[in-house]
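This report concerns only the one structure given below.
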Amino acid sequence: MRFDDRRVMTKIASLYYFDGWTQAKIAKKYGVSRPVISKALQRAKDEGIVEIYIKDESVHTVKLEKELEQKYSLKEVIVVSTENFSEEMILKSLGKAMASYVNSVVKNDMKIGISWGKTLAAFVEEYPFERHESIHVIPLVGGMGRNQVEVHANQLANRLAHKVGGTCTYLYAPAIVGSKDLKDRLIDSEDLIEVLEEGRNVNVALVGVGNPYIGSTMTDIGYLEEKDLAEIKASGVVGDINSQFFDRSGTNTHLPINDRVIGIGLTDLKNIEEVVCIGHGDHKVESIHLAATFNFIDVLITDEHTAKQLTKMKPK
């Protein structure tokens with residue numbers, strides 16, 4: 001029997017795709033090896049006998065996910081379709097997507113690190129209630145103050161720990177202080193040293209990505225003043241993760257403002273097993289592009305519009 005004969009290929013394809021036969025079962029029917037059937041099925045696709053369509057509205061976002069995974073060598077990309085959504089609806093949808101992903105990777109005895117911001121607050125809000133008493137949540141950056149307390153790292157760590165049924169640690173310090181000297185004095189505290197070390201050794205880090213000039217929570221809260229913005233702009237800063245600023249070369253060691261941040265650094269993030277990043281918006285495209293390019297993140301969760309813009313970004 002010629003297994004490149006169109007009639008035979010059609011019959012094999014019908015058994016496989018319509019009747020649900022395995023390749024091994026078809027091979028037994030025809031008295032040949034399974035690779036022969038596999039080749040016949042591939043030939044049927046090559047000859048146009050079989051055409052496969054995916055009938056689902058998410059197929060275009062899946063294509064974007066695969067393209068971005070390959071472009072940036074990311075472990076996973078999740079793209080949420082948010083066409084005609086309000087900003088509130090976008091945040092809610094991204095939060096749900098991140099909650100679903102994190103929920104799928106959470107295991108007992110895991111240490112989860114969390115940063116701060118509105119998108120991460122949306123994630124925590126959407127996270128389901130569970131019982132993982134051995135899970136411990138650690139803030140990756142300081143979070144103290146009176147403004148927008150609901151998005152601070154300590155608050156998010158507490159709420160996430162409550163959701164998973166685990167425990168949390170607190171980092172009793174602001175995200176950014178007034179001087180390097182003050183930071184050095186604060187992190188000389190044994191409590192802060194221990195929490196920061198815990199943060200460097202989490203299994204999963206949950207972070208957002210920001211543009212310090214547009215829509216910045218740090219500016220809204222008052223961490224960044226006009227003189228700070230002028231300083232980081234002059235230094236070529238294009239984005240921040242965990243309140244650590246970086247430029248277009250992916251470096252941050254020459255940026256004085258980073259000497260005032262109380263939290264784990266970008267080098268620390270690179271050493272964490274899995275860093276999950278959530279972010280969206282035209283103003284964050286370059287920041288996300290660079291964060292992915294310089295391997296600060298492993299998993300990206302974003303919306304369709306932002307994903308399309310990222311596919312157009314040129315490699316560094």
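Side chains included, hydrogens not; waters and symmetry mates left out as well; all remaining heavy atoms used. Keep in mind that what you see is a predicted model, and the values were worked out from it rather than measured.
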Given the options L140, V299, N295, I297, V275 meets side-chain contact (heavy atoms from CB on, under 4.5 Å) only with I297
In this structure, CD1 of I138 is separated from CG of N154 (nearest 0.5 Å) by 12.0 Å
Pick out which of K163, K96, K92 makes a side chain to side chain donor-acceptor pair (under 3.5 Å) with E126.
K92
In the structure I gave you, are the side-chain heavy atoms of F246 and V237 within less than 4.5 Å of one another anywhere?
no
Side chains of E87 and H280: is there a donor and an acceptor less than 3.5 Å apart?
yes
Output yes when K308 and E304 qualify as a salt bridge under the 4.0 Å nitrogen-oxygen rule, no when they do not.
yes
With salt bridge (Lys or Arg N to Asp or Glu O under 4.0 Å) as the criterion, how do K66 and E69 come out once you've worked through the C-alpha distance, each side chain's angles and the decisive distance to 0.1 Å?
CA-CA 5 Å; K66 292 172 67 176; E69 285 168 1; over 6 Å; no
A side-chain contact here means heavy atoms from C-beta on lying under 4.5 Å apart; do V209 and D240 qualify?
no
Grab the two heavy atoms, one from A157 and one from T169, that are nearest each other, plus how far apart they are.
CB-O, 4.4 Å
Answer whether the closest heavy-atom distance between the side chains of V137 and T167 falls below 4.5 Å.
no
Give every residue pair that meets the ring pair (Phe, Tyr, Trp, His ring centres under 6.0 Å) criterion with at least one member in residues 184-204, sequence neighbours excluded.
none
Decide yes or no for E286 and R248: does some side-chain heavy atom of the first lie under 4.5 Å from some side-chain heavy atom of the second?
yes
Heavy atoms of L120 and G208 approach each other most closely as CD1-N, 3.8 Å
More than 12 heavy atoms of other residues, nucleotides or ligands under 6.0 Å from NE2 of H283: yes or no?
yes
Who are the ring-ring contact (aromatic ring centres under 6.0 Å, His included) partners of Y72, not counting sequence neighbours?
H289
H132 vs M110, side chain to side chain contact (heavy atoms under 4.5 Å, CB included): CA-CA, chis, key distance, verdict:
CA-CA 9 Å; H132 288 294; M110 184 175 276; over 6 Å; no
Is it the case that N103 and S100 place a side-chain donor and acceptor less than 3.5 Å from each other?
no
Across all chains, not counting sequence neighbours, the ring-ring contact (aromatic ring centres under 6.0 Å, His included) partners of Y16 are none
With a 4.5 Å cut-off on side-chain heavy atoms, are L41 and Y17 touching?
yes
How are the rings of F294 and F296 set to each other: parallel, tilted or perpendicular (split at 30° and 60°)?
tilted
